[in-house]
*Asks:* 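Mind having a look at this structure? Questions to follow.
We count ligands from 1, going down the list as the structure has it; atoms in each ligand are counted the same way. Quantities reported herein were computed from a predicted structural model and do not represent experimental measurements.
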Amino acid sequence: MRPETEALIVVDVQNDFCPGGALAVPGGDEVVPEINALLDDFALRVFTQDWHPADHSSFASNHPGHKPFEVIEMPYGGQVLWPDHCVQDTRGAAFHPDLDTSKADHVLRKGFRPGIDSYSAFFENDRETETGLDDYLRERGITAVTIVGLATDFCVQYTALDAVHLGYKVTVLEHACRGIDLDGSLEDARLSMLDAGVVLER
Ligand code: VGL
Ligand code: ZN
C-alpha cells in the first residue's frame, strides 16, 4: 500500500484511445491489466474521461478545410485538430470494458466546453480554467500523485506538468501508459516531464 497522501490518477482509458477506436493509441488497451493491478495500492483513485460535445472545437470536422493532426491557432494558443473522438455518451467515450472502474473514488470529465480543449486533468488548455481536481486532492490531504493512462504525450504529460507546478510530487509509470507519438511528441514529452521534475518509472 502506498502512503495515504498519494493518489493514483488514471487518465483517459477510453475505447476511442484503444485499438479500433477513433483516435487509437498503439497498444492503448495494454495498459488496462497494468492499471487494474495498481488500483489496490492506492487509497484514492481518480479516473479521468475525455468528454467532448459533437461540436467540439478540437475536432477537425468542425473546421472546414482542415484535416486531422493539423495545428490551428485558437484564442488560447496552438491546438492540434483531432478526428472526432470521445463524444459524450457514445461507446467511444466509455471506459475500456475491462478497466476496473468500480475502484474509482472520483470520475473527472474534461473537454466538455465546445470552445476549449482540456488535455490536463487540472487546467483546460487556456492554462487557467480549473477543473476542480486540485481542490479535490488538497481537501483530502494528497501531496503526491502517480499518473498512468493515455496518451503519454498529451493528457498524461499535461496532467503531470500541471501537477508539478501545483506542488505535488509526481510519478508517471511508463509501463501503464502509451503514447500517440505525433512527430516525435513522445520523446519530447518524456524530456519535458524529466526536466520539470517528474519521476518516470518504467
Ligand atoms: C487526448 C488528444 C485529444 C489524450 C485527448 O487523452 O491524450 N489526446 N484528446
Ligand atoms: Zn480529446
*Asks:* Please tell me whether T129 and D126 have a donor and an acceptor in their side chains that are separated by less than 3.5 angstrom.
*Replies:* yes
*Asks:* For Y158, what residues pass the side chain to side chain donor-acceptor pair (under 3.5 Å) criterion, not counting sequence neighbours?
*Replies:* none
*Asks:* Please say which of L150, V148, V107 ends up in a side chain to side chain contact (heavy atoms under 4.5 Å, CB included) with V10.
*Replies:* V148
*Asks:* Mind listing the protein N/O/S atoms less than 2.8 Å away from the Zn ion (ligand 2)? Waters don't count.
*Replies:* D50 OD2, H52 NE2, H85 NE2
*Asks:* Centroid separation under 6.0 Å, is that true for the rings of H85 and F17?
*Replies:* yes
*Asks:* Can we call the ring centroids of H106 and Y136 under 6.0 Å apart?
*Replies:*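 Yes, close enough.
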*Asks:* Could you list, one pair per line, each nitrogen or oxygen of ligand 1 together with any protein nitrogen or oxygen closer than 3.5 Å, giving atom names and the distance rounded to 0.1 Å?
*Replies:*
| residue | atom | partner | partner atom | Å |
| --- | --- | --- | --- | --- |
| ligand 1 | 6 (O) | D12 | OD2 | 2.6 |
| ligand 1 | 6 (O) | L150 | O | 3.3 |
| ligand 1 | 7 (O) | A151 | N | 3.0 |
| ligand 1 | 7 (O) | C155 | N | 3.0 |
| ligand 1 | 9 (N) | D50 | OD2 | 3.0 |
| ligand 1 | 9 (N) | H85 | NE2 | 3.1 |

*Asks:* Filter on ring pair (Phe, Tyr, Trp, His ring centres under 6.0 Å), then keep only pairs touching residues 175-202, sequence neighbours left out; what's left?
*Replies:*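 Of all non-adjacent pairs touching residues 175-202, none passes ring pair (Phe, Tyr, Trp, His ring centres under 6.0 Å).
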*Asks:* Please tell me whether T152 and Q157 have a donor and an acceptor in their side chains that are separated by less than 3.5 angstrom.
*Replies:* no
*Asks:* For F154 and S185, work out which heavy atoms get closest and say how close.
*Replies:*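 What the structure gives for the nearest pair is CE1-OG, 4.0 Å.
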*Asks:* Do the side chains of D40 and K103 get close enough for a salt bridge, i.e. N-O under 4.0 angstrom?
*Replies:* yes
